[in-house]
Amino acid sequence: MDIVTAHDRPNTVAEAIEIQETLRGLVDRGDRCPQEIVTVTGLDVAYDEERGLIAAAAVTLEASGFRVVEKRTVVSGISFPYEPGLFAFRELPPLLDALRALEHTPDLLVCDGHGLAHPRRFGLACHVGVVTGLPAIGVGKTRFIGEHDEPGRERGARTPLVDDGEVVGAVVRTQDGVKPVYVSVGHKISLDNACRQVLRLCPAFRQPETTRLADRLCRDALKESL
DNA sequence: GCGACAG
DNA sequence: ATCTTGTCGC
């Protein structure tokens, strides 16, 4: 797929924050998602701090049936240190390389990290969405910011994630009794629709099928690069 | 000043 | 993220 927008490569933390403050205004919180999502692409990365390598994976699935349509992985050098709130600058370069390698443009992107549920309302999912111009959802495994009540134990139960008086996401139980995931808007999709999509993508496990597949792929790519 | 802190 | 054994539960 084509990615027109160039991704900024900051050299300092201050520079990275400045970029986020600028790009945050480009996030589209409206529901621009196609009524019928046909394909969904999952994104994830794996690290090898020892060798300073990062592997990224982009895997596209049919929304109904979860059949794998396309998959790409890329291994490159780590270019930015881990900094809470700024890891989009670590993961975005390889993720975009993987996305660019895809032949077809998907209807939706699912990231393993937060979107608006971020200190400056511009987490990885927002960054990915803005740069690609595609609808994007952030699905985090742990809380980053915000407060929330515990959702009911049944699959589908959800409670709002609130930060500074603003609803920045939802805490969603994707399977009965499992630890909930943190869903937030990345770009061009409403929180409600994002939750619906995430639940649809979690037919049997806590995490979306897209994320599970991408996780395996980039992990394998890292091993095979030995 | 003291914790907390996505992956 | 990654390092890691056994172990509780279905």
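First the proteins, then the strands, lettered A, B, ... as listed; each starts at 1. In this text, all values refer to a predicted model and were calculated from it rather than measured experimentally.
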Closest nucleotide among B:dG7, B:dA6, C:dA1 to the A:E49 side chain | B:dG7

Counting any heavy atom closer than 4.0 Å, what does A:G85 reach on the DNA or RNA strands: base, sugar-phosphate only, or nothing?
-> base

Find out whether the Lys NZ or Arg CZ of A:R212 is both under 6.0 angstrom from the six-membered ring centre of A:F66 and within 45° of the ring's axis.
-> no

So do the side chains of A:C111 and A:H127 get within less than 4.5 Å of each other, counting heavy atoms only?
-> no

Indicate, with a heavy-atom threshold strictly under 4.0 Å, whether A:A117 touches base, sugar-phosphate, or nothing.
-> nothing

Interatomic distance, A:D176 CG vs C:dC10 P [rounded to whole Å] | 13 Å

For B:dA6, does either OP1 or OP2 sit under 4.0 Å from a side-chain N or O belonging to A:K141?
-> no

Test: A:K188 and A:D107 ion pair at under 4.0 Å = no

Provide, to the nearest angstrom, the distance between the NZ atom belonging to A:K179 and the C1' atom belonging to B:dA6.
-> 11 Å

Looking at B:dA6, B:dG7, C:dT2, which one has an atom nearest to any side-chain atom of A:L124?
-> B:dA6

Value in whole Å for how far the C1' atom of B:dC5 lies from CZ of A:F87 | 12 Å

Verify stack between A:Y82 ring and B:dG7 base, 5.5 Å, 30 degrees | yes

Between A:L222 (CG) and C:dA1 (P), how many Å, whole number?
-> 13 Å

Nearest-Å distance for atom pair CZ/P, residues A:F89 and C:dA1 = 21 Å

Whole-Å distance between C:dT2 C1' and A:D215 CG?
-> 12 Å

If only atom types and distance count, is the side chain of A:R206 paired as donor or acceptor with the main-chain N or O of A:K141 below 3.5 Å?
-> yes

Within the structure shown, what part of the strands sits under 4.0 Å from A:L86 by heavy-atom distance: base, sugar-phosphate, or nothing?
-> base

Minimum-distance nucleotide (side-chain atoms of A:R143 versus B:dC5, B:dG7, C:dA1) = B:dC5

Report the distance from atom CZ of A:R90 to atom C1' of B:dC5, rounded to the nearest whole Å.
-> 14 Å

How would you label the contact of A:D48 with the nucleic acid (heavy atoms, under 4.0 Å): base, sugar-phosphate, or nothing?
-> nothing

Ring of A:Y47 versus six-membered ring of C:dA1: centres under 5.5 Å and planes under 30°?
-> no

Atom-to-atom span, CD of A:E83 to C1' of B:dG7 - whole angstrom = 13 Å

Can you say whether the rings of A:F89 and A:F80 are parallel (under 30°), tilted (30 to 60°) or perpendicular (over 60°)?
-> tilted

